[in-house]
Undergrad: 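Sending over a structure as C-alpha cells; questions will come in a sec.
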Amino acid sequence: MKQHIADLISAALKTLSDNGIFAADVQPSIMVENTRDKSHGDFASNIALALAKPARRNPRELAQLIIDALPVSENLDKTEIAGPGFINFFVTQETTTAVVGQIIAQKAEFGRGLASSTERTQVEFVSANPTGPLHVGHGRGAAYGASVADLLEAAGVPVEREYYVNDAGRQMNILATSLWLRYLEKLGETVTFPSNGYKGAYIHDIASSVIVEHSDTYKRPLDEVMYNIPADEPQGGNKETHIDALIERAQELLTADGYAVFFNAALNSILSDIRDDLSDFGVEYQKWFSELSLTANGDVESALNTLQENGHLFEEEGNLWFRSTAFGDDKDRVVRRANGLTTYFASDIAYLKNKFERGFDKVLYIWGADHHGYIARMKAACQALGYDPERLLVRLVQFAILYRGEERVQMSTRSGSFVTLRELRDEVGKDACRFFYVTRKADQHMDFDLELAKTQSKDNPIYYIQYAHARVCSVHRKLAENDWVWDPESGLANLGKLDTEHEKDLITRLSKYPEVLTHAAVNYEPHLLANYLRELANNFHSHYNANKMLIDDAELRNARITLSEATRQILNNGLTLLGVSSPEQM
RNA sequence: GUCUCAGUAGCUCAGCUGGAUAGAGCAGCCCCCUCCUAAGGGGCAGGUCGCAGGUUCGAAUCCUGCCUGGGACACCA
C-alpha cells in the first residue's frame, strides 16, 4: 500500500513537473509513512514540505497542487492537507480489511519474500570453543543468530548457517591434558590438578568413558608424569609454564596416537553435547566448519601467500607481519611467529578467504562484544585479500549479565562454576529463553534475572503473546462445543462488519506485519519483531475483551472468527521466526 | 590515553531512512468476570529525551564539544 501511494505521488509529481511547476531536475525521494495518530489517516507523506524550497512555493499550496494531480485510486477514500503541509491519505475499509483474506489464503507464507535476493549470505554464530558446555553468554548469540538467519530467509535471502569449530590451538591441548589427568585420577593416582586446567564436572564423565573404552592402556606412573615439571602457581610457580610442560609431557608419554585418543574423546564428546544443546534450543546449522581443516588443506598457507603476493606482509625480528595499518587498523598484526607457528589471526584470514571462495556474497559474523577490537583487522584482511570489505559484516552481541535476585552470578568456563545454557533452559524454558534474549537490541547490555524469569508470571512478555494464541484456539474449541462451524467464506465476505475501533486497530496492526518482518530482517534486528508481536497480542486482547465472538449473528460471528484466525496465523508466523512455540492451550 | 556502545517515566527498555501531542512493560492508585481462559481488559498518575551549541520549515533522532557509565585495546588462543 505504501508503494502504491508512492507511485501515485510520483505520477502527480511528473504531471506538475511537465507543467513547469518546478524544475525537472528536482528529484525528491518520496517518503510515505505510517501515521501515529488515526485522525491523520492511514499514511502520510511529507513530500510537499520537502519540495517547498526547490519549488519556491508555500508547502500547503504545493500540497494542494499535488493532490489535484494525483491519479484516481479506488483504494483511497480521501486525501487531506494537514499541519504545515503533510498530505494524509485515508484508505478505504475494503482495502484495509483485504489483508485478512490474504493472511487466511497465504498462511505461513504471508509477509515473506519482500527482500528477495539472489545474494547468498552466510551467518556464522556461536562458534564457542569446544572446551566445555555452552554457557548463558553463548545463549544470546545463539538466539540472536538463529533469529537473524531465519528472518533473512523469510525475507527471501538465501542463508547458510555455520559454526566455526576452534579445534586447533593451545586451549584444546589444555583440555586434552586435563582429561588425561582426570583419567589418571580415576585409575587411582593422586593428581594435583593444574590451576589452569579445565575443572568442569563434564571432564570426569568423559574420563570415565575413556576408561570404559580403553581401560588403563594410557596409565603412566605419576612420578614419570610429574618429573621435572615446573611448579604450578599455588606452589609459587607460573601456571602457564606449568600447564605447557604438562601438555608436552602428555604428548611425549602417550605418543601421537595415544594423545589423539584423549584429544578426540574430549573434542567429540563436547562437540556433540554442544550440538544437542543447540538443537534443543531450536538452533540448527548447515555446516560445522573445522579450524584444523584449514591448516590440513593448506588454506592458511595459501591465504598468507595471497597476502604476500599482494605485498601486505613483512618480516621483523623473525616474525611475519600483516601490515593491517595500511587499511586503517591501529597496529600491524603478527601472522607467523618466529617459532614457525601461525597465529590464530592467520587462521581467521584463511577462514575468511575460504568463505568467499565457497561463493558467499555476504558473510555475517556474530561475535561477543569482547571481539570488538577484531573488526578493524578483519576488515583490513578482507581488503588485503582483494575483497570488497562491504561484503564482510559484523554484529556484536553484548553479554547478558546473570542475576539471581540482587546477586550477580559469576561465570568462568575454566573454574567450572558457570551457569550453562542447558541449566538456564531447564529453569526458564526454551520459549522464554529464546524470546527474552532477542527482546533487546543485540548491542545493548542486558540484565537477565533468573529469579524473575523463573517466576513465569505476567512479567514475562512471552506468556502474554502465547496466551493470545491460545485464546484464539480456545474460541475454536468453544465454537465446536456450540455446534457451530467456522465458515471462512462467509467471514471474508462480511469483513465489512468489523467496524469497532478495536477491530480496525487489530486489522491495521496485521497489515504491518510484512514490513516489520522485512525491516527486522534487513537490519538484523529481531527485537523489532518481538516488539511487534507484543503489540499485536495487545490489540487482540483488547478486542477480545470488548467484542464477543460466539454470537448468534452468523455473519458477524464468522467475520470475527476469521479475524481471530488471521491474528493467530500471524502470531504463529512471528513466534516461529523467533524460535518460540505457539501453544494451543495454556 | 585511543576506539566503541550507550545515557528517554521510580525501574527495565521501544522509538524505523529527521515529522504532527515522545511510547510500552513492571512498580503505584482506581475500576471490570451470571459472559468465548481475569495468565486478561479499561482508567489515573508519572518525562527539562545527560548538558550546551549547530544544521533544518521541523531534532529524542543528524553534526560538534563536554559530562557520566559499560566494553575493547597482547609476539593469548
Side-chain angles (χ1 to χ4, degrees), chain A residues 29 31 33-37 39-40 44-46 48-50 52-53 58-59 82-86 88 129 131 166 168-174 240 291 316-321 330-339 341 343-345 347 368-376 396 398-399 401 439-447 449 452 456-461 463-464 466-468 470-479 481-482 502 515-516 518-520 523 525 527-528 530-532 534-535 537-538 540-551 557 560-561 564 585-586:
Chain A
S29 64
M31 287 199 278
E33 289 160 346
N34 299 322
T35 53
R36 204 175 294 175
D37 188 327
S39 68
H40 298 145
S45 179
N46 61 351
L49 291 164
K53 203 167 213 180
N58 171 305
F86 290 103
N88 292 337
N129 283 335
T131 50
N166 295 110
R170 183 160 168 264
Q171 295 305 320
M172 283 306 297
N173 287 323
I174 295 177
E240 306 294 347
E291 182 188 356
E316 197 176 282
E317 293 171 29
N319 295 306
L320 189 62
W321 296 71
D330 52 359
K331 59 177 80 167
D332 294 325
R333 310 287 172 177
V334 171
V335 288
R336 183 168 22 229
R337 284 177 285 170
N339 63 11
L341 295 175
T343 61
Y344 194 84
F345 181 44
S347 295
D370 57 336
H371 279 65
H372 162 254
Y374 235 75
I375 299 175
L396 295 179
Q398 287 286 347
F399 292 128
I401 302 164
T439 42
R440 300 270 178 274
K441 259 194 307 211
D443 58 4
Q444 195 88 38
H445 287 277
M446 191 174 86
D447 294 346
D449 185 343
L452 186 69
Q456 305 204 348
S457 70
K458 59 187 185 304
D459 294 358
N460 198 334
Y463 293 101
Y464 183 82
Q466 290 181 319
Y467 181 44
R471 267 188 155 170
V472 177
C473 297
S474 173
V475 168
H476 276 280
R477 286 191 295 269
K478 290 285 174 188
L479 187 74
E481 283 174 27
N482 284 333
H502 289 305
E515 74 178 75
V516 170
T518 309
H519 196 253
N523 292 300
E525 294 191 327
H527 76 280
L528 296 176
N531 290 344
Y532 168 84
R534 202 191 186 286
E535 286 161 354
N538 185 12
F540 179 75
H541 286 309
S542 297
H543 159 58
Y544 179 93
N545 263 269
N547 305 309
K548 200 160 157 44
M549 292 178 214
L550 301 180
I551 48 177
R557 185 179 70 231
R560 284 191 173 155
I561 290 175
S564 301
Q585 210 164 343
M586 291 179 78

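In what follows, chains are A, B, ... by sequence order, proteins preceding strands, each numbered from 1.
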Undergrad: Mind checking A:Asn58 for me? I need base, sugar-phosphate or nothing, with any heavy atom below 4.0 Å counting as a touch.
TA: nothing
Undergrad: Under 5.5 Å centre to centre and under 30° between planes: does that hold for A:Tyr464 and the six-membered base ring of B:A39?
TA: no
Undergrad: With sugar-phosphate meaning primed atoms plus P, OP1 and OP2, does A:Ala470 contact a base, only sugar-phosphate, or nothing at under 4.0 Å between heavy atoms?
TA: base
Undergrad: Mind checking A:Gln585 for me? I need base, sugar-phosphate or nothing, with any heavy atom below 4.0 Å counting as a touch.
TA: base
Undergrad: Which part of the nucleic acid, if any, lies within contact of A:Lys548, taking any heavy atom under 4.0 Å across all strands shown: a base, the sugar-phosphate backbone alone, or nothing?
TA: base
Undergrad: State whether the side chain of A:Ser542 and the backbone N or O of A:Asn538 hold a donor-acceptor pair below 3.5 Å, judged by distance alone.
TA: yes
Undergrad: Would you confirm whether A:Asn319, through its side chain, and A:Ala338, through its main-chain N or O, come within 3.5 Å as a donor-acceptor pair?
TA: yes
Undergrad: Is the backbone N or O of A:Tyr464 less than 3.5 Å from a side-chain atom of A:His541, with the two atoms forming a donor-acceptor pair by type?
TA: yes
Undergrad: Any donor-acceptor pair under 3.5 Å between the side chain of A:Glu317 and the base of B:C75?
TA: yes
Undergrad: With hydrogens left out and only the distance checked, is there a donor-acceptor pair under 3.5 Å joining A:Asn319's side chain and the base of B:C75?
TA: yes
Undergrad: Which part of the nucleic acid, if any, lies within contact of A:Asn531, taking any heavy atom under 4.0 Å across all strands shown: a base, the sugar-phosphate backbone alone, or nothing?
TA: sugar-phosphate
Undergrad: Using only side-chain N and O atoms of A:Arg337, determine if any of them is under 4.0 Å from OP1 or OP2 of B:C76.
TA: yes
Undergrad: Looking at every strand, decide which applies to A:His40 at a 4.0 Å heavy-atom threshold: base, sugar-phosphate, or nothing.
TA: base
Undergrad: Using the C1' atom as the point on both nucleotides, what is the distance between B:U61 and B:G54, in whole Å?
TA: 15 Å
Undergrad: Look at A:Arg440 and B:G15 and indicate whether a side-chain polar atom (N or O) is within less than 4.0 Å of OP1 or OP2.
TA: no
Undergrad: For A:Phe540 and A:Tyr544, take the angle between the two ring planes, folded into 0 to 90°, and tell me which bin it lands in: parallel under 30, tilted 30 to 60, perpendicular over 60.
TA: tilted
Undergrad: Who is the Watson-Crick or G-U wobble partner of B:G28, with both distances under 3.5 Å?
TA: B:C44
Undergrad: Using heavy-atom distances to pick each residue's nearest nucleotide on RNA chain B, tell me which of A:Ala82 and A:Tyr374 is more 5'.
TA: A:Ala82
Undergrad: Contact class for A:His371 (heavy atom, under 4.0 Å): base, sugar-phosphate, or nothing?
TA: nothing
Undergrad: Ignoring hydrogens and geometry, is there a side-chain-to-backbone donor-acceptor pair from A:Arg337 to A:Thr343 under 3.5 Å?
TA: no
Undergrad: Distance check needed: B:G42 C1' versus A:Asn547 CG, whole Å only.
TA: 14 Å
Undergrad: What contact category does A:Ser474 fall into here, base, sugar-phosphate, or nothing, at under 4.0 angstrom with non-hydrogen atoms?
TA: base
Undergrad: Heavy atoms only, 4.0 Å cut-off, all strands: where does A:Leu528 land among base, sugar-phosphate and nothing?
TA: sugar-phosphate
Undergrad: In this structure, how many angstroms lie between the P atom of B:C31 and the CG atom of A:Asn545, rounded?
TA: 18 Å
Undergrad: For B:C13, does OP1 or OP2 lie under 4.0 Å from any side-chain N or O of A:Arg534?
TA: no
Undergrad: Counting only side-chain nitrogens and oxygens, does A:Asn538 get under 4.0 Å of the OP1 or OP2 atom of B:G41?
TA: yes
